[in-house]
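Take a look at the structure below.
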Amino acid sequence: MLLNNASQLPNTTPAIYVTKGGKLVLKLKFVKVSFYWHLFQQRHHELLLEDCLSEELKSKSKIKALYHQSKVLELFYKMECSI
């Protein structure tokens, strides 16, 4: 069987991977969930910094907050570029 164009190909893509503007919807949802997770974690560790008395715990919490802040920025730019 010869196919003249891609529109004649059978649809074998599962419903969860439906494309939207060339991007996978599932991937976009994962990026958005990851963004909010890291944002929550960043704010959580920043709040711990305010009330923490131990310098050792403060430094660990600050490192974690900075890590999550970098991930928030990375995921934000991924979401902005995919729109």
Side-chain angles (χ1 to χ4, degrees):
M1 178 176 148
L2 294 174
L3 300 175
N4 293 334
N5 59 23
S7 65
Q8 293 176 338
L9 292 173
N11 186 6
T12 58
T13 306
I16 198 164
Y17 291 106
V18 175
T19 59
K20 177 182 177 183
K23 300 287 184 182
L24 295 178
V25 173
L26 181 65
K27 183 177 179 183
L28 294 175
K29 297 274 186 196
F30 178 75
V31 170
K32 192 172 185 178
V33 168
S34 297
F35 170 79
Y36 284 111
W37 168 254
H38 286 290
L39 185 63
F40 173 79
Q41 288 295 317
Q42 175 198 356
R43 291 179 179 169
H44 169 74
H45 288 292
E46 287 174 349
L47 287 174
L48 289 176
L49 279 172
E50 293 176 9
D51 297 330
C52 188
L53 299 176
S54 168
E55 289 301 320
E56 181 183 349
L57 290 176
K58 267 189 176 182
S59 65
K60 285 183 179 181
S61 191
K62 186 173 185 175
I63 290 169
K64 289 181 181 182
L66 289 172
Y67 166 76
H68 288 292
Q69 181 182 18
S70 70
K71 294 303 276 185
V72 164
L73 292 173
E74 175 187 335
L75 293 167
F76 176 76
Y77 290 122
K78 277 187 181 180
M79 286 191 315
E80 287 296 313
C81 291
S82 66
I83 293 176

*asked:* Are Leu49 and Leu47 linked, directly or through intermediate hydrophobic residues, by side-chain heavy-atom contacts shorter than 4.5 Å (ILVMFWY only)?
replied: no
_Strictly distance-based, threshold 3.5 Å: is any side-chain N or O of Ser34 a donor or acceptor partner for the main-chain N or O of Phe30?_
yes
*Nearest heavy-atom neighbours spanning Ser54 and Cys52*: O-SG, 3.4 Å
*asked:* Taking ring pair (Phe, Tyr, Trp, His ring centres under 6.0 Å) as the cut-off, I'd like each qualifying pair that reaches into residues 55-76, sequence neighbours left out, listed once.
replied: His38-His68, His45-His68
*asked:* Listing request: all salt bridge (Lys or Arg N to Asp or Glu O under 4.0 Å) pairs with a residue in residues 40-53, at least two apart in sequence or in separate chains.
replied: none
_Leu75 to Phe35 - nearest heavy-atom pair and separation_ = CD1-N, 3.5 Å
*Partners of Tyr36 by side-chain contact (heavy atoms from CB on, under 4.5 Å), sequence neighbours excluded?*
Lys32, Leu39
_Quick test of your reading: applying salt bridge (Lys or Arg N to Asp or Glu O under 4.0 Å), list the pairs with at least one residue in residues 56-71, sequence neighbours left out, ordered by first then second residue._
Glu56-Lys60, Lys71-Glu74
*asked:* Could you see if Leu57 belongs to whatever hydrophobic cluster contains Ile63? Use Ile, Leu, Val, Met, Phe, Trp, Tyr and a side-chain cutoff under 4.5 Å.
replied: no
